[in-house]
Engineer: 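For reference, the structure I am asking about is given below.
Index from 1, following the sequence.
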Amino acid sequence: MNSLPDIRLAKRIEEACLNGWPALREVVFDGWLIRLADGHTRRANSVNLLSSGTLPLDHKIA
């Protein structure tokens, strides 16, 4: 089981990474942070979970 300090540290690290290398475009969609770069930053596009959201998964990926 994770302790609260460990969870807080993990969230701070994830936030620092997201802010440290921003994407050209970011979209928040039902609890997901969708990051798009069009190949300009030499990294893959990505999706990061911000919250559980309310839409079913099959609707999000359709």
Side-chain angles (χ1 to χ4, degrees):
M1 183 187 248
N2 291 331
S3 68
L4 191 55
D6 290 341
I7 293 170
R8 287 183 181 152
L9 176 60
K11 287 184 178 199
R12 287 179 54 207
I13 291 170
E14 184 173 18
E15 182 179 354
C17 291
L18 290 172
N19 291 331
W21 197 356
L24 293 178
R25 183 170 174 220
E26 295 183 343
V27 177
V28 176
F29 176 66
D30 193 48
W32 288 3
L33 174 63
I34 303 168
R35 296 165 49 96
L36 307 162
D38 295 327
H40 295 291
T41 61
R42 296 186 182 203
R43 68 152 181 255
N45 296 326
S46 64
V47 175
N48 296 85
L49 180 66
L50 300 177
S51 66
S52 59
T54 58
L55 298 173
L57 180 60
D58 60 340
H59 176 79
K60 289 183 180 186
I61 60 175

Engineer: Nearest 0.5 Å, please: how far is CZ in R12 from SG in C17?
Structural biologist: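 Between atom SG of C17 and atom CZ of R12 there are 12.0 Å.
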Engineer: Taking all non-hydrogen atoms of both residues, which atom of A23 and which atom of L36 are closest, and how far apart?
Structural biologist: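 Nearest heavy atoms, A23 then L36: CB-O, 3.6 Å.
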Engineer: Answer yes if V47 and L49 sit in the same cluster of Ile, Leu, Val, Met, Phe, Trp and Tyr residues linked by side chain heavy atoms under 4.5 Å apart, and no otherwise.
Structural biologist: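 They do share one cluster, since a chain of ILVMFWY contacts under 4.5 Å joins V47 to L49.
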Engineer: Let me confirm one number: the CG-NZ distance from D6 to K11, rounded to the nearest 0.5 Å.
Structural biologist: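 Result: 13.0 Å between the selected atoms.
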Engineer: What distance separates S52 OG from W32 CH2, expressed to the nearest 0.5 Å?
Structural biologist: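 Rounded to the nearest 0.5 Å, the OG-CH2 separation comes out at 12.0 Å.
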Engineer: Determine whether a donor-acceptor pair (N or O, by modelled atom type, separation under 3.5 Å) exists between the side chain of R35 and the backbone of L18.
Structural biologist: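 Yes: the side chain of R35 pairs with the backbone of L18.
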Engineer: Search all heavy atoms of F29 against all heavy atoms of L55 and return the closest pair with its distance.
Structural biologist: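 In terms of heavy atoms, the two residues are closest at CZ-CD1, 3.8 Å.
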Engineer: Can you give me the closest heavy-atom contact between E14 and N48, atom names plus distance?
Structural biologist: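 Shortest heavy-atom separation between E14 and N48 comes out as OE2-ND2, 3.6 Å.
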Engineer: Measure the spacing between CG of D30 and OG of S51 and express it to the nearest 0.5 Å.
Structural biologist: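 Going from the CG atom of D30 to the OG atom of S51 covers 7.0 Å.
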